[in-house]
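Counting from 1, the numbers follow the sequence of the chain as shown. For clarity, every value in this text was computed on a predicted model and none was experimentally measured.
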Amino acid sequence: MLFRSVAEKIGEPFQSTRSVGLGLGLSVSRKIIESHRGSIEIPNPDKSPGIVRVTLPLLEVGSN
């Protein structure tokens with residue numbers, strides 16, 4: 001359940017499981033992804049804690 005508690009805090013500033021760094025990487029990444037109308041999630045933190053899913057919309061191309 002350690003991974004689930006970490007997954008619940010994904011994207012919050014200054015959250016880290018490491019002793020070095022500021023814990024801002026996923027927070028900044030989430031803001032960038034969401035500014036492009038996308039999402040970031042950990043689909044199954046108990047079974048696959050290293051998998052992060054990033055979803056972005058397809059580019060809308062006008063018909064000419």
> Which value, rounded to the nearest 0.5 Å, describes the distance between Ile32 atom CD1 and Leu56 atom CG?
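CG of Leu56 is found 11.0 Å from CD1 of Ile32.
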> Is there a side-chain contact between Ile51 and Arg53 (heavy atoms, below 4.5 Å)?
no
> Taking all non-hydrogen atoms of both residues, which atom of Ile33 and which atom of Thr55 are closest, and how far apart?
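Residues Ile33 and Thr55, closest heavy atoms: CG2-O, 4.2 Å.
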